[in-house]
Student: 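Sharing a structure with you now.
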Amino acid sequence: MSEAREQILSRLRQAREGLPDAPPRPAQYQPVMTVEDESPQGLLSRFRTELEGLQGEVYLVGDEEAALDKTLSLLAESGARHALTWDWSHIPLPGLDRALANAGIEALQPTPDNREACEAAEAGISGADAAIAATGSLVVSTAAGMGRLATLLPPQHIVLLRQEQLLPCLEDWVALQRAEELTGLGSRSNLCIITGPSRTADIEKNLVLGVHGPGLLQVVVVEQAS
Amino acid sequence: MELEANRFAEAASRALQDKQLKAALDHNARLADATRIKSMAATTGAEELRQQGRGARLRGLAQLPELLEQTEAQITARGGQVLWARDADEANRHVLDICQRHELRFGVKSKSMVTEELHLVPFLERHGVRMLETDLGEFVVQVDESRPSHIVAPIMHMKKEGIHDLFVEKLGMDSMDDDIDPQVMTRFAREHLRRQYFEADFGITGGNFIIAETGTVAITTNEGNARLGTALQPVHVAIVGIEKVIPTWEDYATLVQTLARSATGQQLSVYSTLYNGPALAEEGDGPQHYYVILVDNGRSAIYGTQYSEALACIRCGACLNTCPVYQNVGGHAYGAVYPGPIGSVITPLLTGKENATPLPFASSLCGACKTACPVDINIPDMLLALRHDLQQEQSPLWRLGMQAWSWSFSHPLLYETGRKASAALSGAFSGERGELRKLPGPLGAWTEHRDFPPFPQESFHDWWRRERDAQAGQDGDS
Ligand code: SF4
């Protein structure tokens, strides 16, 4: 073990007498933001309000057929010809590969060897681990076939979500991870809680979208069967 | 630009004359302050959440050595490597070693205050490694060859005209004449930077928190630059202060939200990115090599002292935005990497009190900083304690003066004589309302920018004596 490590740790151990008392860990954490109506409709309407407030877009569709149509029309609107995608098994929309091919849109799954092609893609298509209604957020994580680039590199990001994936608040998502002893969380090399399109307000607090990440964030939600 | 905290008075005077700066601060700092207040008020309870966040940070500090060991074990188990650095030089050398081991020549960097503190970029560039700042504000600062003036909004001191001229002059952007559009400038910067992400062979980030139970380094950005700067490049180096550790994910859930609200008024920053380790073998992107450098650089010397609480800071910038001193002089006047109220506490502690003697005095102790702080750090008390420390260490003459004053104060006759002399003498220096335009000797510093109120003709002692006698007279009548 390094000398620096030993020295830092031993200095801290010696000095800690003088620390202020820390309050005990709360038995119950207070969530920062809650949702009043936790019904599926309530969650969806809150998610929509929050994300649209950030200039993201939310589209509710009745079934998978309609989700395919919506995805294709969003791509047609932006004129995208190349899409970076997650592996089909991780996007909750069977038939998407064929639909894209029929529409003449080239789908590409990023690897370390096709970076040049990735750079030219105009759209990214992914799923999400979960969505948070109170903050209008999407949780994405990485694994084989679930890369960072599809959610990040192109100017347009389309997310396919099932309504059941909506949770009230961030604390609920953490509680779910805790319930499985953080194993899901721990097996990922990277996670990201995405809250709206990429933005900056660095220049005189003027809001500008799409700085390095996508400026267009579109979530297609497949309605929960009742 | 040189960092000189001891020149605060001079730099602040200069800043106060700067009309552009005044306009920028009036707009930016005040707007940020108002946005924070509104955003915290919209939560389930601002005060409870402040205390919940504070608890998380204080528990992190209380178990710091154990949590750091836990962090290291977790990161190592996932194939990452943890390096420890006692000081700036050791941290910088770690990065250089990594560059040499993997033959790295060009890195993209996202915003990180600790790397500013280490002066990492100039160090790497001296050793032939090119670095590019990717946060828009930091990029502007880099092109401008200046320094950030705020820990969250690096170019809070600039107006769009200045940025426009800089881009035109240094980067060849087409001039927009009178119609300067931040949108167009941002787009220009995106294009300029995009290609370089692909050319870079490593990414450097800081870390807002380390969640010890999984060893997760948490970073927040709005632009997506940290995430993109660690998705395309084969090596990721995260450089984090040892104090950033929090115990659990529940603690993270609280803090990541109060941080965003306090910093920019958002519910969450756009990208709250969480790093566990290098990309797994089958992943199509992400770094193959992942290093976390844990930096002490003076923190362990603060740990356990009366200033320990300063280590709980989550660098949201709220205390800067709300501070009447910062609002008027801006960040550069402090001559330090960390400006504003919290900077006035940690700069003397990290760089040596003698190198930042004016900073603890650059405050009216109004308490706005403590009220704004999402983890309720008692900045005013620490500023007072620093003043006290400095006084102890300061010139014996000053101490003698203070002793003489307190002695005279406890001896009414002496005090009276002194006061009468001042009142009489003051006539020589006073203006038409009796205000003092210029105090003599070293006291002149006070009157350089403001008047000293006139000495009253009647002292409290005299008034008291007169009133007492009058009262006694009245009592006698009844
Ligand atoms: S001291 Fe508090 S208010 Fe100031 S930057 Fe740190 S956390 Fe924010």
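Within every chain, numbering begins at 1; the chains are lettered A, B, ... in the order of the sequence lines, protein sequences first and strands thereafter.
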Student: Walk me through it: do B:Tyr303 and A:Ile8 pass the test side chain to side chain contact (heavy atoms under 4.5 Å, CB included)?
Tutor: CA-CA 11 Å; B:Tyr303 190 75; A:Ile8 293 170; over 6 Å; no
Student: Does A:Arg115 come within less than 4.0 Å of B:Glu199, counting only side-chain N to carboxylate O?
Tutor: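 Looking at A:Arg115 and B:Glu199, the cut-off is not met.
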Student: Let's test your reading of the structure: which of A:Ser187, A:Cys118, A:Pro24 forms the most heavy-atom pairs below 4.5 Å with chain B?
Tutor: A:Pro24
Student: By number, which residues in residues 177-185 of chain A have some heavy atom less than 4.5 Å away from chain B?
Tutor: A:Arg178, A:Leu182, A:Leu185
Student: Hey, could you give me the OH/CG distance between A:Tyr29 and B:Leu49, rounded to the nearest 0.5 Å?
Tutor: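 Going from the OH atom of A:Tyr29 to the CG atom of B:Leu49 covers 12.5 Å.
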Student: Would you call A:Glu119 and B:Arg194 a salt bridge, using N to O less than 4.0 angstrom?
Tutor: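 Salt bridge absent between A:Glu119 and B:Arg194.
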Student: Under 4.5 Å between any side-chain heavy atoms of B:Asp285 and A:Thr111, yes or no?
Tutor: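 Side-chain contact under 4.5 Å: no.
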Student: Give, as side chain, backbone, both or neither, the part of B:Pro182 having an atom under 4.5 angstrom from any heavy atom of chain A.
Tutor: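 Looking at B:Pro182, backbone and side chain both touch chain A.
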Student: Heavy-atom distance under 4.5 Å to chain B: side chain of A:Thr135, backbone, both or neither?
Tutor: both
Student: Quick one: are B:Leu64 and A:Leu9 in side-chain contact, heavy atoms under 4.5 Å?
Tutor: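 Side chain of B:Leu64 against side chain of A:Leu9, heavy atoms only: no contact under 4.5 Å found.
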Student: Any idea which of B:Thr214, B:Leu268, B:Thr43 has the most non-hydrogen atom pairs under 4.5 angstrom with chain A?
Tutor: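 When all of B:Thr214, B:Leu268, B:Thr43 are compared, B:Leu268 has the most.
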Student: Would you kindly say whether A:Thr195 and B:Gln266 are connected by a side-chain donor-acceptor distance under 3.5 Å?
Tutor: no
Student: Is it true that A:Arg5 and B:Glu90 make a salt bridge, defined as a side-chain N closer than 4.0 Å to a carboxylate O?
Tutor: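 Looking at A:Arg5 and B:Glu90, the cut-off is not met.
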Student: Would you indicate whether the side-chain heavy atoms of A:Ser189 and B:Arg78 approach each other to under 4.5 Å?
Tutor: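 Result no, sub-4.5 Å side-chain heavy-atom pair not found.
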Student: Side chain, backbone, both or neither: which part of A:Ser10 has a non-hydrogen atom closer than 4.5 Å to chain B?
Tutor: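 Neither part.
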Student: For the CD atom on B:Glu282, are there more than 12 heavy atoms of other groups (residues, nucleotides or ligands in this structure) within a distance under 6.0 Å?
Tutor: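 Enclosed.
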Student: Does B:Asp251 form a salt bridge (charged side-chain N to carboxylate O under 4.0 Å, His left out) with A:Arg25? I'd like the steps, not just the answer.
Tutor: CA-CA 9 Å; B:Asp251 295 326; A:Arg25 181 164 196 256; 5.0 Å; no
Student: Does A:Asn190 form a side chain to side chain contact (heavy atoms under 4.5 Å, CB included) with B:Thr273? I'd like the steps, not just the answer.
Tutor: CA-CA 7 Å; A:Asn190 182 271; B:Thr273 309; 3.6 Å; yes
Student: What part of A:Asn114 gets within 4.5 angstrom of chain B, counting heavy atoms only: side chain, backbone, both, or neither?
Tutor: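 Neither the backbone nor the side chain of A:Asn114 comes within 4.5 Å of chain B.
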Student: When only pairs under 4.5 Å are counted, which of A:Arg13, A:His212, A:Gln14 shares the most heavy-atom pairs with chain B?
Tutor: A:His212
Student: Can you give me the closest heavy-atom contact between A:Arg148 and B:Pro287, atom names plus distance?
Tutor: NH2-CD, 4.2 Å
Student: Counting only non-hydrogen atoms closer than 4.5 Å, can you tell me which residues of residues 36-58 of chain A sit against chain B?
Tutor: A:Glu50
Student: Check whether any side-chain heavy atom of A:Val174 sits under 4.5 Å from a side-chain heavy atom of B:Tyr252, and report yes or no.
Tutor: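 The answer is no, as the side chains (C-beta and beyond) never meet within the 4.5 Å cut-off.
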Student: Side chain, backbone, both or neither: which part of B:Val256 has a heavy atom under 4.5 Å from chain A?
Tutor: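 When you check distances to chain A, only side chain atoms of B:Val256 fall under 4.5 Å.
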Student: Quick check for you: to the nearest 0.5 Å, what is the distance between B:Ser269 atom OG and A:Ile194 atom CD1?
Tutor: 13.0 Å
Student: Could you check which of A:Met33, A:Arg11, A:Gln30 has the highest count of heavy-atom pairs closer than 4.5 Å to chain B?
Tutor: A:Gln30
Student: Could you give the distance from CG (A:Leu170) to CD (B:Glu250), rounded to the nearest 0.5 Å?
Tutor: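 Spacing of CG (A:Leu170) from CD (B:Glu250) equals 10.5 Å.
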Student: Quick one: what part of A:Val139 sits under 4.5 Å from any heavy atom of chain B, side chain, backbone, both or neither?
Tutor: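 The answer is neither part of A:Val139.
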Student: Let me know if B:Ala62 has heavy atoms under 4.5 Å from chain A in its side chain, its backbone, both or neither.
Tutor: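 Both backbone and side chain.
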Student: Could you please state which residues from residues 79-87 of chain B sit under 4.5 angstrom from chain A, measuring non-hydrogen atom to non-hydrogen atom, sorted by number, or 'none'?
Tutor: B:Trp84, B:Ala85, B:Arg86
Student: Can any side-chain N or O of B:Thr44 pair as donor or acceptor with the backbone N or O of A:Pro31 at less than 3.5 Å?
Tutor: yes
Student: Output the option from A:Gly215, A:Ser141, A:Ala143 having the highest count of non-hydrogen pairs under 4.5 Å with chain B.
Tutor: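 Going by pairs under 4.5 Å, I would pick A:Ala143.
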Student: Should B:Leu228 and A:Leu153 count as side-chain neighbours, where that means a heavy-atom distance under 4.5 Å?
Tutor: yes
Student: First locate atom OG of B:Ser308, then atom CG of A:Leu19, and finally report the distance between them rounded to the nearest 0.5 Å.
Tutor: 4.5 Å
Student: As an exercise, state the distance from CH2 of A:Trp173 to CH2 of B:Trp249, rounded to the nearest 0.5 Å.
Tutor: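 Those atoms lie 5.0 Å apart.
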Student: So does A:Ala134 get a backbone contact from the side chain of B:Gln267, meaning a donor-acceptor N/O pair under 3.5 Å?
Tutor: yes
Student: Salt bridge or not between B:Glu66 and A:Arg16? Use side-chain N to carboxylate O under 4.0 Å.
Tutor: yes
Student: Are any of the side-chain heavy atoms of A:Leu191 and B:Asn276 separated by less than 4.5 Å?
Tutor: yes
Student: Out of A:Pro26, A:Gly213, A:Cys192, A:Pro23, return the one with the most heavy atom pairs under 4.5 angstrom to chain B.
Tutor: A:Cys192
Student: Residues of residues 197-211 of chain A under 4.5 Å from chain B (heavy atom pairs)?
Tutor: A:Pro197, A:Ser198, A:Arg199, A:Thr200, A:Asp202, A:Ile203, A:Glu204, A:Lys205, A:Asn206, A:Val208, A:Leu209, A:Gly210, A:Val211
